[in-house]
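Quick notes on the structure that follows.
Throughout, a chain's letter reflects where its sequence line sits, starting with A, and its residues are numbered from 1.
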Number of protein chains: 2
Amino acid sequence: MKKQSLNKNNYDASVFDRPSLTVDIVLFSIENNDLKTLLIKRNIWPYKNHWALPGGFVKPKETLEQTAARELKEETGLSLSFSEQLYTFSKIDRDPRTRVITVAYFALMPNTNSKLNPTTDASAAAWHSIKKLPDLAFDHQEIIQYALQRLRSKLYYSNIVKGLLAKDFTMSQLQATYEIVLGKKLDKRNFRKKMHSLNLFVKTGKKQLDGSHRPAELYHFKNRKLVYFA
Amino acid sequence: MKKQSLNKNNYDASVFDRPSLTVDIVLFSIENNDLKTLLIKRNIWPYKNHWALPGGFVKPKETLEQTAARELKEETGLSLSFSEQLYTFSKIDRDPRTRVITVAYFALMPNTNSKLNPTTDASAAAWHSIKKLPDLAFDHQEIIQYALQRLRSKLYYSNIVKGLLAKDFTMSQLQATYEIVLGKKLDKRNFRKKMHSLNLFVKTGKKQLDGSHRPAELYHFKNRKLVYFA
DNA sequence: TGAATAGTGTCTTTCAGACAATATGCC
DNA sequence: GGCATATTGTCTGAAAGACACTATTCA
């Protein structure tokens with residue numbers, strides 16, 4: 001196979017007589033009470049110097065999930081815990097190089113303040129608030145909006161919020177996470193009534209003491225896996 | 001590009017140093033009060049003489065939706081009205097030829113008793129009850145089950161049932177369609193109360209007279225498009 | 001004892017689910 | 001009038017949503 005070149009003039013599209021396939025990852029996390037997504041800064045054509053979702057080409061011997069994990073690791077140094085397939089985007093001109101179809105994945109991680117270590121095709125990696133995203137490469141804006149919808153709706157019928165929380169958490173932290181993602185305030189009593197009725201949590205017995213006020217019970221999820229409840 | 005050959009011994013996998021991409025279509029329709037899906041009988045290796053979902057390789061200049069419509073037309077003679085993307089299946093060994101990733105689409109059509117006209121890779125095309133499917137090629141059994149889940153759950157929060165009905169229909173026909181797809185009986189009064197509360201239908205003014213009993217009001221959908229209501 | 005956050009219960013409204021009698025047309 | 005299907009309303013229980021006070025710790 002011919003080597004793929006790196007700018008518009010000597011780009012050989014004949015290499016691609018079938019569509020190429022990539023995986024892109026929308027990784028969400030909460031930082032400073034704000035929902036953020038991880039972007040990398042491209043240092044090659046096309047969209048050089050634009051921010052983009054981490055992602056890359058699928059290798060013949062790896063599953064799409066493996067591609068997602070590998071690319072995220074390569075481009076940011078982060079490891080993937082929870083992820084699920086989002087949608088496959090296939091507009092004909094979404095990539096100026098040639099026909100590229102991308103399977104988008106959506107992933108969550110708790111706030112860990114991990115240092116980001118971009119390598120390869122990225123000159124930088126950074127968390128961006130979903131409230132003010134920069135100009136993005138390709139159709140990545142659309143992909144992020146799709147992922148955000150999916151995340152928001154899954155809050156209502158699954159324990160997906162787990163992906164954004166540390167192992168142990170307080171009911172206040174849980175509620176704050178819902179509020180940040182949904183972008184609206186929730187009633188404290190109704191929220192707790194609902195959450196307790198779901199029977200998804202157990203008390204750890206520990207309490208969180210952090211200031212001059214009543215300490216909060218710490219909970220964790222009963223189930224290791226994603227659970228649907230509606 | 002080398003021509004692809006047709007049996008295991010002289011199959012040249014080096015043609016595929018990147019994953020190949022196909023589209024498969026799960027087309028549902030109701031026939032004789034039974035939910036059926038359209039299958040074709042393969043007349044080439046692999047899975048020769050097995051039933052399989054209609055589908056095929058994505059061409060460079062077509063969208064996935066166009067691939068779906070083209071393949072369905074080629075293999076069955078049918079035209080696609082409603083369809084939506086289902087999921088992308090990518091297990092490494094799902095296709096014995098080489099690495100093939102497939103984007104599954106799920107589609108609906110009203111019962112039209114259209115004659116099926118298989119061509120190209122199919123020696124036959126036929127509707128099969130989802131209650132007793134034959135041995136299927138590839139991972140197509142899994143794909144159909146996934147599509148069926150999607151269809152069933154969408155009945156509860158969208159007007160997707162439209163895809164299975166003629167333009168005008170009675171409330172009894174609507175309810176029967178729900179019952180066939182869900183595989184369970186529903187209460188007539190509660191069903192109608194709910195449906196009318198959704199405000200999705202208008203009376204056509206016409207009535208269906210078909211036998212020695214009270215004629216039924218004919219309705220049609222207000223909205224041309226898919227509408228979500230929950 | 002004042003400041004800050006944690007934790008809890010009642011009332012009202014809405015919706016799902018159980019349930020049966022009347023209406024209309026054809027023979 | 002008899003048969004077959006169409007059409008309609010009430011009651012009950014469960015859950016969502018509005019709403020305010022007490023509990024605990026620390027300074």
Using a 4.0 Å heavy-atom cut-off, does S172(B) contact any base of the nucleic acid, only the sugar-phosphate backbone, or nothing at all? sugar-phosphate
If each of S212(B) and N190(A) is mapped to the nucleotide of DNA chain D with the nearest heavy atom, which maps nearer the 5' terminus, i.e. the 5' end? S212(B)
Give the ring-plane orientation class for Y228(B) versus Y157(B), where under 30° counts as parallel, over 60° as perpendicular and anything between as tilted. parallel
Mutual orientation of the aromatic rings belonging to F106(A) and F28(A) [parallel < 30°, tilted 30-60°, perpendicular > 60°]: perpendicular
Nearest-nucleotide comparison on DNA chain C, the residue closer to the 5′ end among H213(A) and K207(A): H213(A)
Heavy-atom closest contact (E75(A) atom, P54(A) atom, distance): OE1-CA, 3.0 Å
Please classify the nucleic acid contact of S197(A) as base, sugar-phosphate, or nothing, using heavy-atom distances under 4.0 Å. nothing
Sub-3.5 Å donor-acceptor pair from the side chain of T76(A) to the main-chain atoms of K73(A), do we have one? no
With distance as the sole test, does R152(A) use its side chain to make a donor-acceptor pair with the main-chain N or O of V181(A) at under 3.5 Å? yes
Relative to the 5' end of DNA chain D, which residue comes earlier, K203(B) or D187(A), by the nucleotide with the nearest heavy atom? K203(B)
On DNA chain D, reading 5' to 3', which nucleotide is the first and which the last to sit with an atom under 4.0 Å from a heavy atom of chain A, could you check? dA16(D) to dC26(D)
Bounds of contact between DNA chain C and chain B, in 5' to 3' order, using a heavy-atom cut-off under 4.0 Å: dA16(C) to dC26(C)
Side chain to side chain donor-acceptor pair (under 3.5 Å) partner of S172(B), chosen from Q208(B), R192(B), K188(B): R192(B)
Ion pair E217(A)/K206(A), N-O distance below 4.0 Å: no
What does K194(A) touch in the nucleic acid at a heavy-atom separation under 4.0 angstrom: a base, only the sugar-phosphate, or nothing? sugar-phosphate
Hey, which of I101(B), V100(B), D95(B) is the one that makes side chain to side chain contact (heavy atoms under 4.5 Å, CB included) with P19(B)? I101(B)
